[in-house]
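Every heavy atom of this structure was used, including side-chain atoms; hydrogens, water molecules and symmetry mates were not. Each chain gets a letter, A, B and so on, in the order its sequence line appears, and its residues count up from 1.
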Amino acid sequence: MTKPVRTRFAPSPTGYMHIGGMRTALFNWLFARHHAGEFVLRIDDTDRARNMDEALEPILQSFRWLGLNWDEGPEIGGSVGPYFQSERDEYYTQACNTLLQQGKAFYDFTPPEQTKIERETAEKEKRNYLNNRNDQNLSEQEIRSRIERGEKYVIRFLVPRESERKIVIDDAVRGRVEFDPSQMPDPVIMRADGTPLYNFACVIDDAEMRISHVIRAEEHLSNTPVQAMLYEALGYDRPVFAHIPYVAAPGTKEKLSKRKLEKYRKSPQFKKLFEAADFIFPLLGLENRGGLDPVMVEYYEQIGYLPEAVLNALARLGWSLDDQTEIMSLDTIVKNFSLNRVVKSPAGFDPEKLLSFQAHWMAEVPAEEKRKRCRDYLKRAGMDNSKTEDERLELVIQAVGDRLVLFSDILKFQEFFTEDDQIEYEAKAFKKRIVKPENAVELLVKLADDLEQASVQSSGEFDRVVHEFVEQQEIQIGQIIHALRVAITGKAAGVGLFDAMAILGKESCVARIRRAIQQGKSEQGGQEIRQNG
RNA sequence: GGCCCCAUCGUCUAGUCUGGCCUAGGACACCGGAUUUUCAGUCCGAUAACGGGGGUUCAAAUCCCCCUGGGGUCACCA
């Protein structure tokens, strides 16, 4: 009988969920779900964070947002808990004592400074570092008396160096990987204060929690031989290891890292994400949140991505279904996921591709949901007024159409939700379309009069009135339409002009045109004065 | 530096295990054209890759060797 599939993800409570970490978590989750197994969330908090809730909540929230549920872990518990490493001391102590008794681990009183010197010397001499084993054969009595004297010590696992045997890892992604134990230092497994080190705690937890497949990023590959030896020493069965490639920064092969944020700011692929953040987050009052950047999952949630899009993009980062399929729902991915089809080389995270997935999934969102989410952004930006009522909002969303890629994009169309005298003109567009052309202001004056007289309501009616005006004035439509757009929306580009006019209504249009005329005249006047002076 | 991993269009990838159907497929981006009052979109089209060198073979992106390049990791971090 094969063991039931159980996978895990073990984040440290750092207060943020790394997008690359999320990808690792996703693969674990997918593998478990595909095999109808279980997915465990375990918290690696051997560092003992002080504000656990604060540090953990954003991580759990990212899982919730993406819909990656866990079967055991924080908030829900489970039968092989506790799920916080800080509460599992007894397991580690016990395992450590077993190793000590069996002579598979030893007390090491070597002061850390000396270890450091030895390591540096080895490096200087360009040879592999191996720790000294001076304390390996200390008698029980001597150990006791040195401890009583207050000497500091650590406990090291005794690597079986003398055997000729190689440590072989049959990795589910990378195939057979060999390591030579005779090259490996004895790892510290317990600090003097009795707290375990990651490599040790991890083995015990994975074994005790009956994890069948350890799917993790490839930077752990070099930890694996040590862990494999620990499994054996402790009499546990090894899980299947699968080392998936790490997620690289856009356009590079370097691991995506939060510490390199400033560098990313300048990268062309990341630039748009930062710019979007700079525009949107201040409107939402989030500018002081500090760490809300594109390396975190929370960024994508806050700026209005769809879980479907992020999931789709993450799944395609290092995994493919076949030679064609790009767009996949979570169901499809679960149905088809396998470790065989995980690539070995690191995959650069591509924000452009994510955006294209987003555009696709956005098109599938029902109108009502779109309205709800957009209104939420308007509300958070303080634009909760009579103009954001369902009816108008629906019209705007329809007119905006595909231009709404992120929910927060609605904030780029503020002109529909602000008062007529609050419109901000894009300086460049205003100059080019209204101030500079000789007769633009004059035409706008006449058009405003015409509009005022006319009975117009629908987009088609506005279209008709403007076209009649064009004929009457014997001009090209291009001569008025750009000025008109800027006058009404303040912008050079946007939704269909007649749609915009219909949404705003005749009164608003006329008011806005008149205001632009005034502004235009004053800017022209200013120019003349300057020219004359 | 030691150990380990990786290597196909600008990017994500298919193809590699099981050599021939690969004059290397798809997607994103980019470029061009059409549609359009702008922008976006949509449709059509174009450009674009097996890191290099040796083998093995009738045949190599695919197997072997070497080189080069990139990366990960070397803690009383996780």
inquiry  = Taking any heavy-atom pair under 4.0 Å as a contact, classify A:H220: base, sugar-phosphate, or nothing.
reply    = base
remark   = Quick tally for nucleotides 16-22 of chain B: nucleotides whose base has a protein heavy atom under 4.0 Å get B, sugar-phosphate-only ones S, the rest -, giving -------
ask   = Could you write nucleotides 24-33 of chain B as a row of B, S and -, 5' to 3', where a protein heavy atom under 4.0 Å of any base atom gives B, of only sugar-phosphate atoms gives S, and otherwise -?
value = -BBBSS----
Just compare [options] and give me whichever is closest to any side-chain atom of [X].
X	options	answer
A:N128	B:A78, B:G2, B:C6	B:G2
A:K253	B:G41, B:G70, B:U73	B:G70
A:R403	B:U38, B:C76, B:A78	B:U38

Round to the nearest Å and state the distance from [X] atom [atom1] to [N] atom [atom2].
X	N	atom1	atom2	result
A:Q358	B:A40	CD	P	18 Å
A:L221	B:C74	CG	P	12 Å
A:K116	B:C77	NZ	P	14 Å
A:Q227	B:U73	CD	P	15 Å
A:D402	B:G41	CG	C1'	5 Å
A:F157	B:A75	CZ	C1'	18 Å
A:L355	B:A40	CG	C1'	12 Å
A:Q114	B:C76	CD	P	13 Å

Contacts to RNA chain B from [range], heavy-atom cutoff under 4.0 Å, which residues?
range	answer
residues 338-347 of chain A	A:R341, A:V343, A:K344, A:S345, A:A347
residues 480-490 of chain A	A:I481, A:H482, A:R485
residues 176-183 of chain A	A:V177, A:E178, A:F179

For A:Y92, all residues meeting ring-ring contact (aromatic ring centres under 6.0 Å, His included), sequence neighbours excluded = none
request  = Would you please name every residue forming a ring-ring contact (aromatic ring centres under 6.0 Å, His included) with A:F109, sequence neighbours left out?
outcome  = A:Y153
key: G-U wobble or Watson-Crick pairing nucleotide for B:G45 (cut-off 3.5 Å, both distances)   = B:C31
query = How many angstroms lie between OH in A:Y16 and OG in A:S62, if you round to the nearest 0.5 Å?
reply = 12.0 Å
P-based separation of B:G52 from B:G10 [nearest Å] = 13 Å
key: Verdict with supporting geometry, A:S320 and A:R341, side chain to side chain donor-acceptor pair (under 3.5 Å)   = CA-CA 6 Å; A:S320 63; A:R341 296 197 61 87; 3.3 Å; yes
Partners meeting side-chain contact (heavy atoms from CB on, under 4.5 Å) with A:N336 (sequence neighbours left out) = A:W319, A:L321, A:T332
key: Test item: side-chain donor near acceptor, A:E118 and A:Q114, under 3.5 Å   = yes
key: Residues A:K344, A:E218: salt bridge by 4.0 Å N-O rule   = no
ask   = Given B:A78, is OP1 or OP2 found less than 4.0 Å from the side-chain N or O atoms of A:R42?
value = no
ask   = For B:G1, does OP1 or OP2 lie under 4.0 Å from any side-chain N or O of A:R119?
value = no
key: Listed partners of A:R23 passing side chain to side chain donor-acceptor pair (under 3.5 Å), at least two apart   = none
Where at least one partner belongs to residues 479-489 of chain A, residue pairs that pass side-chain hydrogen bond (donor to acceptor under 3.5 Å, both in side chains), sequence neighbours excluded = none
inquiry  = Suppose the criterion is ring-ring contact (aromatic ring centres under 6.0 Å, His included): which pairs have a residue in residues 181-200 of chain A, not counting sequence neighbours?
reply    = A:Y198-A:H220
Contacts of type salt bridge (Lys or Arg N to Asp or Glu O under 4.0 Å), residue A:E219, not counting sequence neighbours = A:K255
ask   = So do the side chains of A:D350 and A:P250 get within less than 4.5 Å of each other, counting heavy atoms only?
value = no
